[in-house]
Amino acid sequence: MSRCLSERSIDHVGLERGEVANSWRRERWDSLRLLTPNWQSRLPGYRYEGADPDGFMTVAEVVDFVAHYAVVTDAPVRTHTTVTSVRQTDQGYHVATDTGDLRCRSVVIASGACNLPNVPPLRQGVPASIQCVTPLDYRNPDQLPDGGVLVVGASATGVQLADEIHRSGRPVTLSVGEHVRLPRTYRGRDVLWWMDASGIWNQRYDEIDDLTRARGLPSPQLVGTPERTTLDLNALGAAGVEIVGRLAAVRDGRALFSGGLRNQFALADLKMNRLLDTFDDWAREHAHDVDTAPPERFEPTRAPASSRLHLDLGSGEIRSIIWATGFRPDYSWLDVPVLDHKGRLRHDGGVVDAPGLYAIGLPVLRRRKSTFIHGAEDDARDLVDHLARYLDGSAGEPQSAR
Ligand SMILES: Cc1cc2nc3c(=O)[nH]c(=O)nc-3n(C[C@H](O)[C@H](O)[C@H](O)COP(=O)(O)OP(=O)(O)OC[C@H]3O[C@@H](n4cnc5c(N)ncnc54)[C@H](O)[C@@H]3O)c2cc1C
């Protein structure tokens with residue numbers, strides 16, 4: 001956003017509570033790599049140019065990538081400056097920070113989509129003897145007590161942590177709800193190449209039938225490894241991870257899991273196969289059948305012969321729980337009435353429901369790819385366009401982002 005504002009000579013400042021790339025410095029586990037390949041790591045006027053375009057960046061490499069971008073774009077960032085309040089004034093906004101206040105005509109909320117762990121209220125019922133860890137606190141298995149681990153949630157974070165913790169020698173039980181299954185590679189290419197090439201990631205927010213659902217979809221079961229491993233439930237089950245259903249309740253010290261794993265699996269397999277059909281159709285129509293391997297289909301997700309429906313959390317079998325149940329943004333500092341009853345920002349493609357207020361970096365903000373680093377560029381250009389018109393008085397009413 002800053003780079004695009006600079007291109008239009010719009011005077012601005014970025015406020016960052018930590019260092020540039022703070023979330024990648026402070027809130028990620030040690031072994032994490034991007035699940036998006038290097039060729040896809042790009043920001044306006046800047047892209048990965050190393051020797052391994054098909055590889056996946058480590059956290060340290062992401063920090064370098066973003067920090068270097070701030071230097072080459074000469075981004076006017078004030079670090080170690082926490083925004084404590086933003087409120088509307090007659091002329092625009094009053095921004096309070098722990099290092100002083102600012103006044104401005106427009107504010108872009110770029111504070112991230114994953115500031116807080118989305119831990120379900122049923123966590124209250126977990127006995128105090130069990131260590132509860134969220135992905136924002138998790139660094140590596142050494143911080144967990146010896147003994148069994150329950151990982152709740154089987155999206156990208158859950159499957160990656162279940163795998164790593166299982167490899168540390170601890171018995172892992174993985175509780176699986178709705179999930180998005182994807183193979184790492186399809187027809188000889190990275191599955192995200194297919195998402196990109198077939199145009200799915202470019203799909204606009206105003207062309208998506210159920211936008212609320214699209215914005216709430218769990219992340220795909222993907223991991224970025226040099227071996228290009230597919231990390232699905234079949235792989236985890238074969239390695240010895242115990243798969244159970246969705247955690248439905250914790251009652252009297254017992255975790256209760258939903259039945260119906262078979263249906264859950266069938267649905268995820270069906271959706272994956274539909275997506276692969278879309279890729280195949282696209283390849284046929286665009287003459288890519290010649291430069292890709294033939295279509296393939298994967299073994300359906302194997303349901304365990306019988307899955308446990310409850311687990312006694314007081315028995316000592318489980319010593320820690322990882323809440324891999326998603327993330328949400330933190331708007332506790334935003335004193336503008338633009339949140340809906342669920343605490344979500346009311347916006348139309350990043351044009352927030354208050355004049356001169358914008359947001360970037362939220363899932364499916366303007367396109368399916370908005371969720372990812374490479375999605376920022378197109379969104380930023382669109383939003384700066386709107387913002388420039390707002391500043392010169394020609395943007396019209398808020399909510400007219402298209
Ligand atoms: C576990 C995990 C894995 C991911 N893997 C990938 C991946 O493989 N590929 C990919 O493209 N994307 C991935 N993402 C998404 C990724 O985080 C985003 O694409 C990218 O980091 C978003 O950048 P951002 O600047 O919008 O938000 P963030 O990186 O969250 O940055 C927001 C910044 O705002 C600062 N901030 C927040 N509140 C305040 C405040 N009140 N005052 C001042 N500063 C504040 C924070 O310190 C932070 O530096 C992943 C996310 C998570 C959580």
Side-chain angles (χ1 to χ4, degrees), residues 1-3 13-43 47-48 55-59 61-63 65-67 69-70 75 77-86 95-99 102 107-118 134-139 153 155-161 184 190 192 195-196 201 218-220 222-225 322 324-335 350 358-365 368-377 379-380 383:
M1 197 73 192
S2 171
R3 161 72 191 243
V13 63
L15 304 179
E16 167 54 58
R17 62 183 168 191
E19 301 282 340
V20 168
N22 196 53
S23 60
W24 291 94
R25 291 176 200 268
R26 305 259 170 261
E27 297 168 359
R28 305 287 184 263
W29 57 95
D30 298 345
S31 66
L32 178 67
R33 285 174 181 265
L34 289 188
L35 54 78
T36 41
N38 289 335
W39 57 264
Q40 208 155 42
S41 289
R42 49 181 186 249
L43 290 165
R47 56 174 58 242
Y48 173 86
F56 303 92
M57 284 188 200
T58 62
V59 168
E61 287 166 340
V62 181
V63 170
F65 182 80
V66 179
Y69 185 63
V77 182
R78 267 182 226 168
T79 53
H80 302 289
T81 302
T82 301
V83 175
T84 53
S85 140
V86 169
V95 178
T97 82
D98 59 352
T99 61
L102 290 95
V107 170
V108 181
I109 302 169
S111 48
C114 305
N115 309 114
L116 299 170
N118 216 0
T134 76
L136 296 180
D137 309 321
Y138 176 85
R139 290 294 167 271
S155 296
T157 300
V159 294
Q160 291 181 29
L161 298 190
R184 180 72 262 180
D190 195 283
L192 301 187
M195 293 285 283
D196 202 48
W201 257 349
S219 58
L222 279 180
V223 61
T225 61
I322 309 278
T325 35
F327 305 92
R328 61 191 160 91
D330 176 13
Y331 296 125
S332 56
W333 46 270
L334 186 62
D335 297 317
Y358 297 86
I360 190 161
L362 300 179
V364 199
L365 183 88
R368 284 204 191 268
K369 66 183 175 186
S370 303
T371 313
F372 297 93
I373 293 169
H374 71 279
E377 172 160 11
D379 289 359
L383 290 174

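Only a predicted model underlies this, so the values are computations on that prediction, with no experimental measurement involved. For ligands, and for the atoms within them, numbers begin at 1 and follow the listed sequence.
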**Message:** Any donor-acceptor pair under 3.5 Å linking the side-chain atoms of H80 with those of E19?
**Reply:**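 Per modelled atom types, E19 and H80 side chains form a pair under 3.5 Å.
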Give the residue and atom name of whichever protein heavy atom lies nearest to [atom], and the separation in Å to one decimal.
atom	result
atom 9 (N) of ligand 1	T36 OG1, 2.7 Å
atom 43 (C) of ligand 1	R17 N, 3.3 Å
atom 29 (O) of ligand 1	S23 OG, 2.6 Å
atom 27 (O) of ligand 1	G112 CA, 3.5 Å
atom 16 (C) of ligand 1	W24 CZ2, 3.8 Å
atom 10 (C) of ligand 1	F372 CD2, 3.5 Å
atom 35 (C) of ligand 1	E16 OE1, 3.3 Å
atom 34 (O) of ligand 1	S111 CA, 3.5 Å

Considering all heavy atoms of both residues, which atom of [X] and which atom of [Y] are nearest to each other, and what is their separation?
X	Y	value
L34	F56	O-CB, 3.3 Å
W333	S111	CZ2-OG, 3.3 Å
A376	L43	CB-CD2, 4.5 Å
V20	T79	N-CG2, 4.1 Å
L362	G112	CD2-O, 4.3 Å
L334	I109	CD2-CD1, 3.9 Å

Check [X] against ligand 1 and report side chain, backbone, both or neither, counting heavy atoms closer than 4.0 Å.
X	answer
D330	neither
W29	side chain
T97	neither
A110	backbone
T81	backbone
C114	side chain

What I'd like to find out is whether the side chain of [X] reaches to under 4.5 Å of the side chain of [Y], using heavy atoms alone.
X	Y	answer
Q40	W201	yes
N115	P329	yes
Y48	P37	no
R78	T99	no

**Message:** If the condition is salt bridge (charged side-chain N to carboxylate O under 4.0 Å, His left out), which residues does R184 pass it with, not counting sequence neighbours?
**Reply:** D190
[X] heavy atoms, cut-off 4.0 Å: which ligand 1 atoms fall inside?
X	answer
T371	15 (C), 19 (O)
N22	47 (O), 49 (O)
L15	43 (C), 44 (N)
L34	6 (C), 7 (C), 8 (O), 9 (N)
G361	26 (O)

**Residues R28 and E61 bridged, charged N to O under 4.0 Å** =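 Salt bridge flag = no for E61 with R28.
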**Prompt:** Which is closest to atom 2 (C) of ligand 1 in terms of heavy atoms, E19, Q40, R28?
**Reply:** R28
**Nearest neighbour of atom 8 (O) of ligand 1 from the list L362, L35, V20, on a heavy-atom basis** =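 Nearest option to atom 8 (O) of ligand 1, by heavy atoms: L35.
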**Message:** To the nearest 0.5 Å, what is the distance between CZ on R368 and CG on D196?
**Reply:**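 Rounded to the nearest 0.5 Å, the CZ-CG separation comes to 14.0 Å.
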Answer yes if a protein heavy atom lies under 4.0 Å from [atom], otherwise answer no.
atom	answer
atom 19 (O) of ligand 1	yes
atom 38 (N) of ligand 1	yes
atom 53 (C) of ligand 1	yes

**Request:** Return a yes/no value for G18: is any of its N or O atoms, backbone included, closer than 3.5 angstrom to an N or O of ligand 1?
**Result:** no
**Asked** Going by the angle between their ring planes, with limits at 30° and 60°, are F372 and H374 parallel, tilted or perpendicular?
**Response** parallel
